[in-house]
Amino acid sequence: MPGVFQLSPDELIRDATDAFKAGVRSVLLFGIPDKKDAKASGAYAKNGIVQQAVRSLKRELPELLVVTDVCLCEYMEHGHCGIVQQGKSGTRILNDPSVKLLAQTAVSHAEAGADIVAPSDMMDGRVRAIREQLDKQGFSDTPIMAYAAKYASAYYGPFRDAAESTPRFGDRRSYQMDAGNAEEAMREVAADIQEGADIVMVKPALAYLDILYRVKSEFGYPTAAYSVSAEYSMIKAGAEKGWIDEKAIVMESHLAMRRAGADILITYWAR
Ligand SMILES: [Zn+2]
């Protein structure tokens, strides 16, 4: 992705400081571990890369709001968001054991000092499991921003390269949503709210403004829009070719997300 890099913890502090000075008050962290395995150990390791990053950000920039992405795919050798079972009829993702690891991951982020945890896996029942574990471990004040309506989307392509999380086999359609289905988004959002989500998210943003609008108007809940990697990369590419005015297109796109109901924008252009 043009202008987007993986950062070491010291580079993170430098970039986050620049962002903070520019008026960006919150960041969302994704981790790339040294080693990947079949149980995503790096996701919930006490000294995992995200846990280290959170601790140093809270130390160096205590006023910066730190949100952590809670998922397993970046830490799994196969790149799926959950535990994979190989069977005779192929592979499948095991929902419930995956949810346990996700809750463990969320707690370890909160222990490191994360202000908000953001589960992006789309497993069933994970918001409830995370809420229960956070409460049990003394983090009842840590809010959950749930990737509630997350579509299986070609718009994630550039990110998967950047985060080295492309699935080695299969795809994510057994747990992410079908682009043609708007009603399911409403059910997913309702379920996450019922399970204890404090903020609900729609992802991607620009191609799903109708979903964003419906989520905000039907639930009236704090709503985040995630403007994803291809939304970013396409505009960058168009601007590089001199076909579009980058700044004007960026402002108009983000204004559209706001207009559709986003209270929170997650965007590569924040700075
Ligand atoms: Zn994932």
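Keep in mind that the numbers below use all heavy atoms, side chains included, and drop hydrogens, waters and symmetry copies. Note that ligands are numbered from 1 as they come in the structure, with each ligand's atoms numbered from 1 the same way. Numbers here are sequence positions counted from 1. Computed from a predicted model, the values in this text were never measured in an experiment.
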Nearest heavy-atom neighbours spanning Ala129 and Ala103: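 The pair with the smallest heavy-atom distance is O-CB, 3.9 Å.
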
Distance filter under 2.8 Å, centred on the Zn ion (ligand 1) - protein N, O or S atoms that pass it: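 Listed by chain and number: Cys71 SG, Cys73 SG, Cys81 SG.
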
Main-chain N/O of Asn47 paired to Gln52 side chain as donor or acceptor, under 3.5 Å: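 Looks like yes, one N/O pair under 3.5 Å.
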
Lys150 to Tyr226 six-membered ring, cation-pi geometry met (6.0 Å, 45°):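 Judged by the rule, Lys150 and Tyr226 form no cation-pi pair.
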
Electrostatic pair Arg14:Asp10 at N-O distance under 4.0 angstrom: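 No, this pair does not count.
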
Pairwise side-chain contact, Glu111 with Tyr44, heavy-atom cut-off 4.5 Å (strictly under):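 Side-chain contact under 4.5 Å: no.
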
pair Gln194-Arg128: side-chain heavy atoms closer than 4.5 Å: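 They are in side-chain contact.
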
